[in-house]
Amino acid sequence: MKFEAPRGTHDILPSEQPRWRRVTQEAERLCALYGYRPIQTPVFEDTELFARTSGAGSDVVQKEMYSFTDRGGRSLTLRPEATAPIARAYLEHGLHREGQPQKLYTIAPMYRYAAPQRGRFREHWQLSVEAIGSGDAALDAELIHLYDTLLRNLGVDEYRLEVNSIGDSACRPAYLEQLGDWLRTHEPRLDEETRAKAQTNPLRVFDNIDAKPPEVRAALAEAPKIGEALCAECRAHFGDVRRTLDATGVAYELQPTLVRGLDYYTRTTWEFVGPALGAQSSISGGGRYDGLVEALGGPATPGVGFGAGIERLLLALDETPSADGGIDVFFVAPEGADRTALAAAMAALRRAGVSCDMDYAGRSVRGQRTQASRLGARRTVVVDSPQALETVVRELGG
RNA sequence: GUGGCGGUAGCUCAGUCGGUAGAGCCCCGGGUUGUGGUCCCGGUGGUCGGGGGUUCGAGUCCCCUCCGCCACCCCA
C-alpha cells in the first residue's frame, strides 16, 4: 500500500457516520438547549497564543505542538485545544463588550504530537464548551450538568466524575510553598519517581497514586492537598458549585488532588472518566480559567469550560450501529433502457426533494436489485418502459 | 520520546522444518425463488506493510524503517 493516513490520524468512513452523528447531533442539541451558541476558529493560530496560555512548562507546549513557520516567517501552531482560540476570538471581536457571559461551543479537530494509541490520536475531535465573562459558580455546575446529560442521553452509564478546586492566585502560591516544604521535609519517605515529580511539577506528585509503593502512598496521604488549602473565596465558590451539582442531580466524587495540565486553570476543575479505555480513560476534562483572557491582554475576565474527546466518547458507547436513512427510490435500468430519460426523471424527483439513485456500475438486473436493498431503497422501480418513469415522477414528484 | 507485542485479499484470519499463498465474509456473474433477500454454483481480488541481507530458494531467518496496539509520560 502506497499511502496511508498519517500516523495518529484516521478516516471517518461513511459506515461510521451514523454513530458519529448520533454523538455530535445530540451534543449540538444540548448546547442549544443550555444556551450555548456555535463558534468556529482557525485550525492554526499564532504559536505564542498557546505558549502563553498553556504554560511554557506544560507537556503540550514542551513536546506536543504541531508548529511550523509559514512563508511569511510567522510561527504558527495547529491548535492543541480550543479554549485559548475561543478566548482570543472573544477578545478580538469585542464579545467582552456584549452581554455577559458569552456561552459558546465548537466541535472541531485538535492536534497534539504524542505517541498514538487506541483513543489517542494526533488529530482528534473535541466538543469544547465555554462560558466566558462570568464567575458565577452556577456556570461551572451547568457545564458539568450538560456533559453529564450528554453521556446519559447517549446511553453511557459506566463513568464517574471527579471534581476539585485548585484555588486561585490568592491561595495557590501559598499552597505550593506549603507543599514544597512538606516534600522537602519528607523526601526520605518518597520514591525516586515522586521526588522527580516534586522537582518538575509538584502538583502532580499525587498522580497515579495507586501504582506507588505502599509506604509512599501512606506518606503522600499526609501531605497537604490543594483541594483542602483554599482561601475563603475559593472555598465559597466551590461550595456553590457542589450545592448546585447536588441540586441538579449530578453525582460526583471529590478528588482533592485532581489538577489540570494547562496553566490557565483556576478554582473548579473536573474530569469525566469513562469505562475501560486503558490509560486513556479521561473522556472529558474542564475547569475554570479566570486569568486566561487577561493573560491574552484583555480585561480581567472570568471563564469556565470543558473539552470532550469525540473518539473517546465513541469508544465508551455501545457498538450498536444506528441504521442509515436509506433512499426513497432506486431505479433498475435493464440493458437498453433510456438512461437519458432516467436522468431527467431523477432530476425532477430530486428537485421535488425525493432522494433517488440508480446503477452506475453496469450491473445485471439482479445486481441492481441487490444494490437497491443495500442502499435501503423504500421503492424500487424497473425502468422497462417510458410509462414507468412517468408514473413515478407523477406520483412522487408533485 | 523510551520499552514490549504485532502487520498475509477491502474485512476477520490460517499458512507445518525455509520449497513459488489459502479460507470465511464482502464484491461481480449465474442457478433457484415471489425479478431483492435466503440457498446453491462460479468468478474477480495479494509487491505477504516497505527496503536491504542470508540462502539454490524467504510470508517464514537477520538488520533497518513505516504503521497499529500495550505500558510509561501525558492527556480528550
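Throughout, protein chains are lettered first and strands after them, A, B, ... in sequence-line order, and every chain is numbered starting at 1. No hydrogens, no waters, no symmetry mates; every other heavy atom, side chains included, goes into these values.
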Write down the distance between [atom1] ([X]) and [atom2] ([N]), rounded to a whole number of angstrom.
| X | N | atom1 | atom2 | value |
| --- | --- | --- | --- | --- |
| A/Arg204 | B/rC72 | CZ | P | 14 Å |
| A/Gln371 | B/rC26 | CD | P | 15 Å |
| A/Ile107 | B/rA76 | CD1 | C1' | 14 Å |
| A/Met110 | B/rC75 | CE | C1' | 14 Å |
| A/Phe272 | B/rC75 | CZ | C1' | 17 Å |
| A/Asp59 | B/rU2 | CG | P | 16 Å |
| A/Lys63 | B/rC73 | NZ | P | 10 Å |
| A/Gln368 | B/rG37 | CD | C1' | 17 Å |

Please pick, from [options], the nucleotide with the shortest atom-to-atom distance to any side-chain atom of [X].
| X | options | value |
| --- | --- | --- |
| A/Thr370 | B/rA76, B/rC73, B/rG37 | B/rG37 |
| A/Arg374 | B/rC27, B/rC73, B/rA76 | B/rC27 |
| A/Ser284 | B/rC27, B/rG1, B/rA76 | B/rA76 |
| A/Ala115 | B/rG1, B/rG36, B/rA76 | B/rG1 |
| A/Glu64 | B/rG1, B/rC74, B/rG36 | B/rC74 |
| A/Arg112 | B/rA76, B/rC73, B/rG36 | B/rA76 |

Please collect all ring-ring contact (aromatic ring centres under 6.0 Å, His included) contacts where either partner lies in residues 102-122 of chain A, sequence neighbours excluded, each pair once. A/His10-A/Phe121, A/Tyr66-A/Tyr113

All pairs passing ring-ring contact (aromatic ring centres under 6.0 Å, His included) where residues 298-317 of chain A contributes a residue, at least two apart: A/Tyr147-A/Phe306

How far does the [atom1] atom of [N] sit from the matching atom of [M], given to the nearest Å?
| N | M | atom1 | result |
| --- | --- | --- | --- |
| B/rG43 | B/rU47 | C1' | 23 Å |
| B/rG1 | B/rG45 | P | 40 Å |
| B/rA14 | B/rC73 | P | 33 Å |
| B/rG29 | B/rG68 | C1' | 37 Å |
| B/rG46 | B/rA23 | C1' | 15 Å |
| B/rG7 | B/rC13 | C1' | 12 Å |
| B/rU16 | B/rU8 | P | 15 Å |
| B/rC72 | B/rG52 | C1' | 32 Å |

List the residues meeting side chain to side chain donor-acceptor pair (under 3.5 Å) with A/Arg160, not counting sequence neighbours, and say none if there are none. A/Glu162

Sequence neighbours excluded, the answer for side chain to side chain donor-acceptor pair (under 3.5 Å) partners of A/Asp70 is A/Arg74

Is A/Leu296 reachable from A/Val61 through a run of I, L, V, M, F, W or Y residues, each pair having side-chain heavy atoms under 4.5 Å apart? yes

Under 3.5 Å, which N/O atoms of the protein pair with N/O atoms of nucleotides 67-69 of chain B?
{"unit_1": "B/rC67", "atom_1": "O4'", "unit_2": "A/Glu4", "atom_2": "OE1", "d": "3.3"}
{"unit_1": "B/rG68", "atom_1": "OP1", "unit_2": "A/Gly8", "atom_2": "N", "d": "2.7"}
{"unit_1": "B/rG68", "atom_1": "OP2", "unit_2": "A/Arg7", "atom_2": "NH1", "d": "2.7"}

Return the set of residues passing salt bridge (Lys or Arg N to Asp or Glu O under 4.0 Å) with A/Asp207 (not counting sequence neighbours), or none when no residue passes. A/Arg204

All side chain to side chain contact (heavy atoms under 4.5 Å, CB included) counterparts of [X], not counting sequence neighbours:
| X | result |
| --- | --- |
| A/Ala361 | A/Asp359, A/Arg363 |
| A/Ser75 | A/Thr47 |
| A/Glu177 | none |

Looking at A/Lys197, does any N or O in its side chain come under 4.0 Å of the phosphate oxygens OP1/OP2 on B/rC72? no

Does a side-chain N or O from A/Tyr147 land closer than 4.0 Å to OP1 or OP2 of B/rA76, or not? no

How would you label the contact of A/Phe330 with the nucleic acid (heavy atoms, under 4.0 Å): base, sugar-phosphate, or nothing? nothing

Spell out yes or no: do the side chain of A/Arg312 and the base of B/rC75 have one donor N/O and one acceptor N/O closer than 3.5 Å? yes

A/Gln387 atom CD: more than 12 heavy-atom contacts under 6.0 Å: yes

Does a salt bridge link A/Asp240 with A/Arg243, judged by any charged N lying under 4.0 Å from a carboxylate O? yes

Do the charged groups of A/Lys103 and A/Glu142 touch, with an N to O distance under 4.0 Å? yes

Mark up nucleotides 30-35 of chain B, 5' to 3', with B wherever a protein heavy atom is under 4.0 angstrom from a base atom, S wherever such an atom reaches only the sugar-phosphate, and - elsewhere. BBB--S

Taking for A/Glu193 and for A/Ala114 the nucleotide of RNA chain B with the nearest heavy atom, the one nearer the 5' end belongs to A/Ala114

Aromatic rings A/Tyr159 and A/Phe272: how do their planes relate, parallel, tilted or perpendicular, breaks at 30° and 60°? tilted

For residues 27-46 of chain A, pull every pair meeting salt bridge (charged side-chain N to carboxylate O under 4.0 Å, His left out), keeping only residues two or more places apart or in separate chains. A/Glu26-A/Arg29, A/Glu45-A/Arg88

If a pair means Watson-Crick or G-U wobble with both distances below 3.5 Å, what does RNA chain B look like in dot-bracket form, with | marking bases paired to a different strand? (((((((..((((.....[..)))).(((((.......))))).....(((((..]....))))))))))))....

